[in-house]
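For clarity, every value in this text was computed on a predicted model and none was experimentally measured. So you know, we letter chains A, B, ... as the sequences are listed, proteins then strands, and number each from 1.
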There are 2 protein chains.
Amino acid sequence: MSTPTTGQRQYAKTPGQRARILDAAMAVFARRGERGASLREIAERVGMSQAGVLHHFGSKNALLLAVLDRFDQEDQPGHPLLTIDESVAFVREELVQGLQRPGLFQLQITLAAESIDPAHPAHDFFVDRYRRVTSQFVEPLDAAAASGGLRDDVDTTALAHLVMGAMEGLQLHHALNPEVDTVASFDLLLDVLAEAFIVSSTPDQV
Amino acid sequence: MSTPTTGQRQYAKTPGQRARILDAAMAVFARRGERGASLREIAERVGMSQAGVLHHFGSKNALLLAVLDRFDQEDQPGHPLLTIDESVAFVREELVQGLQRPGLFQLQITLAAESIDPAHPAHDFFVDRYRRVTSQFVEPLDAAAASGGLRDDVDTTALAHLVMGAMEGLQLHHALNPEVDTVASFDLLLDVLAEAFIVSSTPDQV
DNA sequence: ACAAAAACCTAGCGCATATTCGGTTTCTTG
DNA sequence: CAAGAAACCGAATATGCGCTAGGTTTTTGT
């Protein structure tokens, strides 16, 4: 009765294998989307058979959900974002890192666009995700507006959507044309917004 | 010898049928993407068999290209955009109309995201398209900068990418969460940019 | 009115896919 | 070291896809 009814025995290398499958699945889903991705291609990358992959994740759908779960954790901030500066720094850092690890952003854009279709298996996930991320962004803005750090006539919701939208739209352009400098454009936006809306005790640091 | 060797006879209702097929294909491609779309679903919408659709367009690929062709024409400006005001007005009008005709934008986002994959049949189209649209936007900006209508230290390319990226990113969010007010966020961007960069002889009209 | 071609349809082919099934190997635990 | 289960694999199944083949109906110019 050491590992009883819950008995989920597991080999030592199993977590590693699952991780390798997730790596491959992320890359393939990012490139081809869920609809264009095949278990065969994922299995090939891992050096395993289709059936082997399914042994670990049960179905393509479950594999997709596991990928989304991991993706959600990887781009979650380590600590709550309380101030505007923290939020901005976090989101900008994401954009910068996206240049060296294009997979994450590509996964996001590819799957999010596919998920517009209500019949898509990730539809609910992305609908919920955008709501969460938006409120994560609106809250510090509202807090700043309340404490006088922001002009109080600003539509914080519109502002949050603008920043998030710009980030992903730029990323989409960059994916199609690598010459597009996402960070330059995004910084342009941040500078202009700061100049227009932030009420700083110290003068602006452009 | 009235319609000789080039003899492409056509029934009277054929153009109408082709148009109806294109309508259906646009809607289905917009919802499901190219990979998720099936000729069967398109044919059903038209009230025709799969083979009937193929009789008119030859292959799914050719149908996709026909859709892209039409799409490109529909959102092309009627006249060249020479000034910033014209460009901004045009792109903003597109956004407003997108609310009443979501199909066009959804088609654009869905297919563009799918097209990140170099193996996608529309890859070349979207790579080229973004280049074209960007330069269409950069040109009036450069002209304005040259004639003193714009602050001359502005990175016009980054600016153009920002505006285009924001537009599409917002549209993606809106597609997933209709509560997102794309026009409000976009106007926010335009106002802030105008205030920051446009050198107007008359004072700004917020 | 008549032939000829366009505009369809039904049926089926070949292929790729996700998933299942039964067996074999590999590891873990007592 | 010896069960026994986990971790695989090869093969088969069912489904959906784009596309083709061949025939029938509808429209057309003469």
Side-chain angles (χ1 to χ4, degrees), chain A residues 1-25 28-29 31-67 114 117 119-122, chain B residues 1-25 28-29 31-67 114 117 119-122:
Chain A
M1 238 195 265
S2 47
T3 49
T5 43
T6 12
Q8 302 254 25
R9 263 216 294 190
Q10 223 181 219
Y11 288 3
K13 65 172 180 175
T14 299
Q17 290 285 75
R18 283 179 60 101
R20 288 182 59 228
I21 295 175
L22 281 178
D23 285 342
V28 175
F29 280 143
R31 206 169 309 231
R32 317 263 188 221
E34 191 267 344
R35 292 184 157 131
S38 72
L39 292 176
R40 176 169 270 105
E41 187 177 355
I42 294 168
E44 257 170 33
R45 281 191 175 230
V46 188
M48 190 184 282
S49 75
Q50 248 186 94
V53 171
L54 284 174
H55 168 73
H56 285 285
F57 289 94
S59 73
K60 185 184 182 183
N61 224 299
L63 177 56
L64 173 67
L65 295 181
V67 165
E114 256 186 337
D117 185 357
H120 193 280
Chain B
M1 239 192 268
S2 45
T3 50
T5 42
T6 13
Q8 302 254 25
R9 264 215 294 189
Q10 224 182 217
Y11 290 1
K13 65 172 178 175
T14 299
Q17 290 286 74
R18 283 179 60 101
R20 288 182 59 227
I21 294 174
L22 281 179
D23 285 341
V28 174
F29 280 142
R31 204 169 310 230
R32 317 266 189 221
E34 192 267 345
R35 293 183 157 131
S38 72
L39 292 176
R40 178 168 269 106
E41 187 177 355
I42 293 168
E44 255 171 34
R45 280 191 176 231
V46 187
M48 191 185 282
S49 75
Q50 240 187 104
V53 170
L54 283 174
H55 168 74
H56 285 285
F57 289 93
S59 74
K60 185 186 183 183
N61 224 298
L63 177 57
L64 173 67
L65 295 181
V67 165
E114 257 186 338
D117 185 357
H120 193 280

Quiz prompt | Of A:His56 and B:Ala12, the one whose closest DNA chain D nucleotide lies more 5' | solution = A:His56
Quiz item: Does A:His55 put a side-chain nitrogen or oxygen below 4.0 Å from OP1 or OP2 of D:dC8?
Solution: no
Practice problem: Apply side chain to side chain donor-acceptor pair (under 3.5 Å) to B:Asp23 and list each qualifying residue two or more places apart in sequence or on a separate chain. | Solution: B:Arg70
Quiz item: For A:Leu54, what residues pass the side chain to side chain contact (heavy atoms under 4.5 Å, CB included) criterion, not counting sequence neighbours?
Solution: A:Leu39
Self-check item: Residues forming a side chain to side chain contact (heavy atoms under 4.5 Å, CB included) with B:Arg40, sequence neighbours excluded
Solution: B:Ser38, B:Glu44, B:Gln50
Exercise. Would you kindly give the CD-to-P distance between A:Gln10 and C:dT29, to the nearest whole Å?
Key: 11 Å
Self-check item: Interatomic distance where CD1 belongs to B:Ile42 and C1' belongs to C:dC8 [whole Å]
Solution: 18 Å
Exercise. Considering non-hydrogen atoms only, spot the tightest contact between A:Ile42 and A:Ile21 and give its length.
Key: CG2-O, 4.3 Å
Quiz item: Quick one: side chain to side chain contact (heavy atoms under 4.5 Å, CB included) partners of B:Arg20, sequence neighbours excluded?
Solution: B:Gln17, B:Val46
Self-check item: Atom-to-atom span, CG of A:Leu64 to P of C:dT19 - whole angstrom
Solution: 11 Å
Quiz prompt | Sequence-distant partners of A:Glu41, salt bridge (charged side-chain N to carboxylate O under 4.0 Å, His left out), two or more places apart | solution = A:Arg32
Quiz item: Whole Å only: how far is the CZ atom of B:Arg20 from the C1' atom of C:dC8?
Solution: 13 Å
Quiz prompt | Closest contact, heavy atoms only, A:Phe57 versus A:Ala62 | solution = O-CB, 3.0 Å
Practice problem: Any pair with a residue in residues 47-67 of chain B that passes salt bridge (charged side-chain N to carboxylate O under 4.0 Å, His left out), sequence neighbours left out, goes on the list, sorted by first then second residue, please. | Solution: B:Glu34-B:Lys60
Self-check item: Separation of atom CZ in B:Arg35 from atom C1' in C:dT17, rounded to whole Å
Solution: 14 Å
Quiz item: Which residues pass the side chain to side chain donor-acceptor pair (under 3.5 Å) test with A:Gln10, sequence neighbours left out?
Solution: none
Exercise. Quantify the bending of the helix from C:dA1-D:dT30 to C:dG30-D:dC1 as the angle between its end axes, each fitted on five pairs, to 10°.
Key: 20°
Quiz item: Atom CD of A:Gln17 to atom P of C:dC27: distance rounded to whole Å?
Solution: 11 Å
Quiz item: What string of B, S and - do you get for nucleotides 18-23 of chain D, 5' to 3', if B is base contact, S is sugar-phosphate-only contact and - is no contact with any protein heavy atom under 4.0 Å?
Solution: BBB---
Quiz item: Does a distance-only test, which skips hydrogens and angles, find a donor-acceptor pair under 3.5 Å between the side chain of A:Tyr11 and the base of D:dA7?
Solution: no
Quiz item: Please give, in whole Å, the distance from D:dC17 C1' to B:Arg32 CZ?
Solution: 15 Å
Quiz item: From D:dC8, C:dC8, C:dA6, pick the nucleotide closest to the side chain of B:Arg9?
Solution: C:dA6
Practice problem: Provide, to the nearest angstrom, the distance between the CZ atom belonging to A:Phe57 and the C1' atom belonging to D:dA7. | Solution: 14 Å
